[in-house]
2 protein chains.
Amino acid sequence: MAAKQDPEALAAARPLLTDLYQVTMALGYWRAGRAHDPAEFELFFRQCPFGGSFALAAGLRDCVRFLRAFRLRDADVQFLASVLPPDTDPAFFQHLRALDSSGVTVRALPEGSLAFPGVPLLQVSGPLLLVQLLETPLLCLVSYASLVATNAARLRLIAGPEKRLLDLGLRRAQGPDGGLTASTYSYLGGFDGSSNVLAGQLRGVPVVGTLAHSFVTSFSGTEVPPDPMLAPAAGQGPRVDLTTCVEAWLERVCAHLGLGVQDPHPGERAAFVAYALAFPRAFQGLLDTYSVRRSGLPNFLAVALALGELGYQAVGVRLDSGDLLQQAQEIRGLFRTTAAQFQMPWLESVPIAVSNNIDEEELARLAQEGSEVNVIGIGTSMVTCPRQPSLGCVYKLVSVGGQPRMKLTEDPDKQTLPGSKAAFRLLGSDGSLLLDVLQLAEEPPPQAGQELRIWPRGARESCLVRPAQVEPLLHLWVQQGQVTTPPTP
Amino acid sequence: MAAKQDPEALAAARPLLTDLYQVTMALGYWRAGRAHDPAEFELFFRQCPFGGSFALAAGLRDCVRFLRAFRLRDADVQFLASVLPPDTDPAFFQHLRALDSSGVTVRALPEGSLAFPGVPLLQVSGPLLLVQLLETPLLCLVSYASLVATNAARLRLIAGPEKRLLDLGLRRAQGPDGGLTASTYSYLGGFDGSSNVLAGQLRGVPVVGTLAHSFVTSFSGTEVPPDPMLAPAAGQGPRVDLTTCVEAWLERVCAHLGLGVQDPHPGERAAFVAYALAFPRAFQGLLDTYSVRRSGLPNFLAVALALGELGYQAVGVRLDSGDLLQQAQEIRGLFRTTAAQFQMPWLESVPIAVSNNIDEEELARLAQEGSEVNVIGIGTSMVTCPRQPSLGCVYKLVSVGGQPRMKLTEDPDKQTLPGSKAAFRLLGSDGSLLLDVLQLAEEPPPQAGQELRIWPRGARESCLVRPAQVEPLLHLWVQQGQVTTPPTP
């Protein structure tokens with residue numbers, strides 16, 4: 001019942017969100033008398049995504065939430081009975097009904113940590129049958145979250161620290177929860193916000209949004225606002241008719257830009273006025289529904305200057321087609337001359353937001369020196385991670401009953417490192433990252449200032465390293481089903 | 001409350017799973033007195049995915065479920081109030097609280113239909129404010145569902161009708177619901193089943209699964225099953241000790257294959273025995289944990305033949321690494337000689353299942369003439385659709401207040417076709433598809449046997465077509481909020 005009352009639990013995975021072979025193996029373990037054998041699995045990836053050299057670990061909070069709520073309902077067990085052999089021992093289903101996470105211990109990299117191949121993102125130990133059952137949901141919760149966080153971090157590195165980066169990918173995600181996961185973990189990875197309202201409500205992600213082309217095209221210009229009057233920003237002075245005021249400004253703007261007053265589309269202007277009446281302190285114009293230069297820009301300027309007279313400052317414009325960098329330069333130039341012409345200096349620096357299929361290459365172009373773009377919305381490339389749409393995490397058994405376990409396949413890339421392990425990050429005297437060390441849990445930990453012999457992954461020879469600092473990487477989050485540290489964020 | 005009691009509703013989208021600009025526009029419409037203006041939007045795509053020439057329409061069922069349950073809760077409205085201007089008129093929030101789908105009408109292509117660019121997958125009409133709010137959830141529910149169904153249909157066309165195709169992509173999906181959507185709609189698109197148990201429980205998808213490498217590596221061979229006894233399949237005759245029986249068969253199998261009895265891994269064999277005890281009628285061996293030829297295959301054969309003596313027939317083997325086609329040929333050959341050697345003819349045709357990063361090219365190889373592969377599991381390539389991870393559906397306003405609306409942008413690809421439309425499929429006398437026609441709703445429908453002048457998309461000139469049959473494409477699913485036809489499947 002706790003799960004039902006927790007709105008966040010609705011967004012997390014359910015126990016049956018798993019591969020059927022986890023259930024058939026559970027029956028196999030149970031039949032072999034091994035359900036309670038103490039076991040440990042490691043969840044890790046084998047290669048950094050996107051051909052890069054790092055990943056961010058993410059999804060831990062969802063895993064902890066999933067574990068806390070883990071319980072098979074009667075309907076779940078009945079469904080499993082319907083897909084297992086009809087002569088399956090009813091005691092097995094009793095065992096399933098009684099399962100919860102009280103025997104499960106999880107060590108993990110903190111949310112948002114730098115992560116490298118082979119170092120466990122999660123170490124999960126507990127009764128063999130149960131921790132086997134957890135495989136698919138944990139992979140499902142960690143893999144994409146880490147992929148998206150890493151993607152966002154890469155995009156942030158390309159964009160530099162100044163640009164505002166916004167996730168607009170909800171409609172391009174793999175269904176509802178794909179979108180929620182993407183919005184949550186792109187924020188963790190360095191984005192400034194998301195268009196996804198649910199991510200704001202459930203995960204505290206800052207949400208952003210103004211208007212779309214449909215809002216603009218819905219107005220023909222013949223509409224009469226029921227109340228066109230707007231009070232000055234400071235609250236003092238008479239209310240003015242914004243529509244009339246905008247029409248007066250339109251003539252001045254068109255004269256300044258060398259356009260006829262008939263050029264700007266009246267429906268677009270009516271839409272901007274309607275939006276400005278609803279959001280006088282947060283007016284933004286979407287410029288490219290008809291023609292940026294001949295319609296969107298003069299209509300925006302007329303409304304922005306009318307608002308400016310009343311003491312309101314427009315908060316931005318958005319472009320969603322064409323050469324975004326070049327248009328931003330032109331628009332900034334026109335903002336400058338218009339600001340000077342009408343003595344509205346704040347107009348010079350109105351943020352220019354852009355969107356429209358922006359990928360890593362286009363982002364680099366938009367972020368180049370001298371770019372006048374301030375805000376960049378990324379949808380498809382953020383959420384689908386097209387360079388590598390899956391991280392490929394695995395969940396491998398490393399010990400049972402205290403004995404190490406290994407998959408010694410003929411495919412060397414798929415071999416696993418046996419035994420329960422500890423992981424440490426070795427840092428230089430300037431705090432820089434030297435490397436991460438994986439060792440057996442029972443070995444003594446590396447000591448700062450002491451020489452350590454290590455075998456780099458894939459190398460044929462060992463080498464020596466003397467770290468200035470040593471940090472343990474795997475923290476205890478859940479001990480025997482009890483949350484020891486609430487994961488942040 | 002209805003939504004809470006319907007377990008399926010939990011998996012569908014919630015009203016706040018939307019982009020914030022839908023909400024800011026809602027306020028804009030409301031402030032402009034236009035909340036109730038009758039409006040119509042079309043949801044369509046502009047290009048077939050994967051460079052192909054068709055798509056399948058999917059997700060309609062989720063859309064109808066979402067609409068039925070559409071209602072903003074108090075907590076939702078409170079959250080929206082927290083992100084809108086503090087001086088927003090409280091009457092707007094009253095309006096939001098009262099919203100439901102009772103004014104919404106939906107016409108759509110039936111679930112699983114062939115769909116082409118520009119033809120609406122959904123036509124959504126109703127009050128402007130409300131149908132605008134629906135944009136993002138509807139896109140989120142239709143886009144990926146249609147993409148996955150199309151991907152599955154392409155894979156099915158490549159594989160041909162005989163191979164069993166299984167979706168194994170849950171762990172590679174964009175979080176929990178990405179996986180549920182992928183499993184549901186890959187089945188619609190032509191797959192035979194999925195590993196995803198929740199898709200079985202909630203969507204009736206056939207679920208499949210046996211065992212993973214971790215099950216195999218969890219056994220060392222020293223384990224003693226609490227009950228190694230197995231009764232014959234027919235139920236008559238004494239129970240036998242399967243472990244002993246398997247060891248006896250191992251000697252005969254190794255002699256036949258020219259291997260030493262020490263070669264096959266005892267832990268792998270113990271795992272197979274444990275699995276066979278749990279699933280004597282559905283025994284499958286995963287062959288590549290240690291070595292297919294020296295361990296997995298002889299261990300499988302020893303268990304399968306021991307079961308065979310008791311009247312049980314093994315249901316398959318699975319390979320998850322290496323050259324899958326070549327290994328399948330070798331294994332089939334060894335099945336044949338072993339079946340002959342030990343007079344177990346059923347062994348010849350034990351299905352061979354394969355998995356491991358199978359994409360369209362590898363699938364074509366595995367499906368070639370003479371391939372001995374019977375079952376193909378596809379995970380990452382199924383669920384992530386790596387050739388094009390997003391369909392790019394759009395939702396465009398085509399009329400308000402009965403007046404057509406158009407986006408007449410400088411980017412011709414982004415222009416829209418104004419007006420409320422009807423769509424028809426024109427068929428030849430042999431039932432073959434000639435083309436789909438889009439026309440204004442008020443125009444008379446095309447008639448079978450009558451010549452029709454059409455303007456093919458992108459062409460400069462019109463042409464004439466005389467269809468033998470005409471089918472209306474857009475069916476009425478929801479009328480003024482009432483479901484008229486429950487969508488199938």
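Labels below follow one simple rule: chain letters A, B, ... track the order of the sequence lines, proteins then strands, and each chain is numbered from 1.
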Arg34(B) versus Ser218(A), closest heavy-atom pair with distance:
NH2-O, 2.7 Å
With chain B, the option among Leu80(A), Asp76(A), Leu138(A) that has the most non-hydrogen atom pairs under 4.5 Å is Asp76(A)
Among Arg281(B), Gln388(B), Glu223(B), Gln201(B), which has the most heavy-atom pairs under 4.5 Å with chain A?
Gln201(B)
Heaviest contributor of heavy-atom pairs below 4.5 Å to chain B, chosen from Phe41(A), Tyr29(A), Phe92(A), is Tyr29(A)
After noting the C-alpha distance and the side-chain angles of Leu202(A) and Arg14(B), does the key distance pass the side-chain contact (heavy atoms from CB on, under 4.5 Å) rule?
CA-CA 12 Å; Leu202(A) 296 185; Arg14(B) 292 185 257 177; 3.4 Å; yes
Give, as side chain, backbone, both or neither, the part of Val148(A) having an atom under 4.5 angstrom from any heavy atom of chain B.
neither
Bottom line for Leu84(B): the part with an atom under 4.5 Å from chain A's heavy atoms is side chain
Look at the side chain of Arg31(A) and the backbone N and O of Asp227(B), then say whether any donor-acceptor pair between them is shorter than 3.5 Å.
yes
Per-residue contact mode, Ala212(A) against chain B (heavy atom under 4.5 angstrom):
both
I'd like to know which of Ala182(A), Gly200(A), Ala39(A), Ala282(A) tops the heavy-atom pair count under 4.5 Å against chain B.
Gly200(A)
Using a cut-off of under 4.5 Å for heavy-atom pairs, which of Ala278(A), Ala173(A), Ser194(A), Ala271(A) has the most such pairs with chain B?
Ala278(A)
Look at the side chain of Gln174(B) and the backbone N and O of Thr181(A), then say whether any donor-acceptor pair between them is shorter than 3.5 Å.
no
Leading residue by heavy atom contact count with chain A [cutoff under 4.5 Å; candidates Ser399(B), Ser143(B), Ser214(B)]
Ser214(B)
For the aromatic rings, using the six-membered ring if either is Trp, is the centroid distance between Phe215(A) and Tyr21(B) under 6.0 Å?
no
Which answer fits Ala75(A), side chain, backbone, both or neither, if we ask what part of it has an atom under 4.5 Å from a heavy atom of chain B?
both
Report yes or no: is the cationic atom of Arg405(B) (NZ for Lys, CZ for Arg) closer than 6.0 Å to the six-membered ring centre of Phe219(A), at no more than 45° off its axis?
no
Okay, side chain of Arg171(A), backbone of Thr18(B): is any donor-acceptor separation there less than 3.5 Å?
no
Highest number of heavy-atom pairs under 4.5 Å with chain B among Val23(A), Val400(A), Leu211(A) belongs to Leu211(A)
Measure distances from Glu135(B) to the heavy atoms of chain A and classify the residue's part below 4.5 Å as side chain, backbone, both or neither.
side chain
Of Ser220(B), Gly33(B), Ala145(B), Gly179(B), the largest count of non-hydrogen pairs under 4.5 angstrom with chain A goes to Ser220(B)
At a heavy-atom separation under 4.5 Å, does Leu391(B) approach chain A through its side chain, its backbone, both, or neither?
neither
Give the minimum heavy-atom separation between Leu27(A) and Phe279(B), together with the two atoms involved.
CD2-CZ, 3.4 Å
Out of Thr384(B), Thr210(B), Leu139(B), return the one with the most heavy atom pairs under 4.5 angstrom to chain A.
Thr210(B)
Rounded to the nearest 0.5 Å, how far does CG of Leu397(B) lie from OG1 of Thr217(A)?
4.5 Å
Contact winner vs chain A - Tyr144(B), Tyr395(B), Tyr275(B), heavy-atom pairs under 4.5 Å:
Tyr144(B)
Interface moiety of Gln22(B) toward chain A, non-hydrogen atoms closer than 4.5 Å
side chain
Chain B: which of Ala32(A), Gly401(A), Pro206(A) shares the most heavy-atom pairs with it under 4.5 Å?
Ala32(A)
Out of Val208(B), Thr136(B), Asn196(B), Leu170(B), which one racks up the most heavy-atom pairs below 4.5 Å with chain A?
Leu170(B)
Considering the options Asp19(B), Leu20(B), Leu16(B), which one meets the side chain to side chain contact (heavy atoms under 4.5 Å, CB included) requirement together with Val207(A)?
Leu20(B)
